[in-house]
Amino acid sequence: MPMCLDYRKIIMLSLTVMWMAVIFWFSSAPAEESSNMSLSAGRAAAKIFIPDFEEWSPRRQEAFAERIDYPVRKTAHAGEFAALGILMLGTVSSFSKRPFIHKGIIAWMLTAFYAATDEFHQLFVPGRSGQVSDVLLDSVGAAAGIFLYIMIKYLARHFAAR
């Protein structure tokens, strides 16, 4: 049994560190490259959600992608850190015997701290800046991810007990 726990610790920690590296990689992209990535994501979303998007003129498509760029960026921020919050909770849970609520708080604090270091890192990336509002958004995303994990775990236990 202890060997299984050791594997869980290694797997959860590895997944968490890998996701942190992905976030670091995204944050390392200079402003122009980052902008191009989010515009591409906006165009891809438009192709999925707007039936006649591909029939629009290229100018109208680009204008739309630019118009939704800000929400796309902020959704990406929150989503990245929601995923990190979930992974961090899994990692903390694999290492800690504390009550589950304490694990959630610890996971959130660690994820919020990483959000702050990520924004600090962006101060050194050409054309990028560190924003306190992004740290707050990332922290809310982490809390949402942790809450989602807790709710899924609760519902799974609730329905398994039936």
Side-chain angles (χ1 to χ4, degrees), residues 1-31 33-45 48-49 68-125 127-162:
M1 186 73 156
M3 268 313 233
C4 183
L5 290 177
D6 287 343
Y7 284 126
R8 182 169 186 253
K9 288 176 184 176
I10 291 167
I11 290 168
M12 288 308 306
L13 184 59
S14 297
L15 289 172
T16 302
V17 170
M18 283 190 286
W19 190 247
M20 292 167 84
V22 167
I23 291 172
F24 184 88
W25 178 74
F26 280 130
S27 296
S28 297
E33 184 180 330
S34 176
S35 217
N36 289 337
M37 277 193 283
S38 63
L39 287 171
S40 293
R43 283 190 286 278
I48 294 168
F49 296 110
I68 66 168
D69 183 58
Y70 184 79
V72 166
R73 283 178 175 275
K74 298 309 166 185
T75 301
H77 260 276
E80 288 173 354
F81 280 86
L84 182 58
I86 291 168
L87 291 168
M88 192 69 75
L89 181 55
T91 300
V92 169
S93 293
S94 71
F95 281 92
S96 176
K97 302 282 186 214
R98 293 178 174 267
F100 201 69
I101 190 71
H102 292 163
K103 294 174 189 177
I105 292 168
I106 292 166
W108 179 79
M109 289 171 48
L110 290 169
T111 307
F113 177 75
Y114 187 73
T117 63
D118 181 58
E119 289 302 311
F120 179 73
H121 159 245
Q122 288 182 46
L123 293 173
F124 304 99
V125 177
R128 304 285 295 267
S129 63
Q131 303 292 321
V132 172
S133 61
D134 282 348
V135 174
L136 296 173
L137 179 64
D138 297 344
S139 299
V140 168
I146 290 166
F147 180 75
L148 179 66
Y149 180 103
I150 291 169
M151 290 307 300
I152 290 171
K153 188 169 184 162
Y154 169 79
L155 290 172
R157 283 186 180 166
H158 177 73
F159 287 112
R162 287 184 162 195

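- Annotation for Gln131 and Glu119: closest pair N-OE1, 2.9 Å, computed over non-hydrogen atoms.
- Without hydrogens or angle criteria, Thr117 side chain to Tyr114 main chain gives a donor-acceptor distance under 3.5 Å.
- With rounding to the nearest 0.5 angstrom, the OG atom of Ser93 is 5.0 Å from the OH atom of Tyr149.
- Of all non-hydrogen atoms in Trp19 and Leu87, the two that sit nearest each other are CB-CD1, 3.5 Å.
- Using a 4.5 Å heavy-atom threshold, the side chains of Trp108 and Met88 count as separate.
- The OG atom of Ser96 sits 5.5 Å away from the NZ atom of Lys103 when rounded to the nearest 0.5 Å.
- For Phe95, the CZ atom is densely surrounded, since the number of other residues' heavy atoms within 6.0 Å is greater than 12.
- At a threshold of 4.5 Å between non-hydrogen side-chain atoms, the residues Arg98 and Ile106 count as touching.
- Distance check: Ser38 OG to His77 NE2 gives 10.0 Å after rounding to the nearest 0.5 Å.
- Of all heavy-atom pairs between Val72 and Gly42, the closest is CG2-CA, 4.1 Å.
- Taking all atoms of both residues into account, the shortest heavy-atom contact from Ile146 to Gly85 is CG1-O, 3.5 Å.
- Around atom CD1 of Ile101, no more than 12 heavy atoms belonging to other residues, nucleotides or ligands sit under 6.0 Å away.
- Between Val140 and Phe81 the shortest side-chain heavy-atom distance does not fall below 4.5 Å.
- The shortest non-hydrogen separation linking Ala29 to Arg128 is O-NH1, 2.7 Å.
- Within the 4.5 Å cutoff, side-chain heavy atoms of Phe100 are placed close to those of Leu89.
- In plain terms, the two heavy atoms of Arg8 and Gly90 that are nearest each other are NH2-O, 3.9 Å.
- Atom CG in Asp6 sits 10.0 Å away from atom OG in Ser94 (nearest 0.5 Å).
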**Report entry** Evaluation steps, side-chain contact (heavy atoms from CB on, under 4.5 Å), between Met37 and Phe26
**Finding:** CA-CA 9 Å; Met37 277 193 283; Phe26 280 130; 4.0 Å; yes
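- Note: His121 NE2 to Phe24 CZ = 3.5 Å, rounded to the nearest 0.5 Å.
- The one candidate from Ile11, Val17, Leu15 that meets the side chain to side chain contact (heavy atoms under 4.5 Å, CB included) condition with Leu13 is Val17.
- A 4.5 Å side-chain heavy-atom check between Arg73 and Ser35 finds at least one atom pair inside the cut-off.
- Between Tyr154 and His158, the two ring planes are parallel [angle under 30°; tilted spans 30° to 60°].
- Thr75 contributes atom OG1, which lies 10.0 Å from atom OH of Tyr70 (distance to the nearest 0.5 angstrom).
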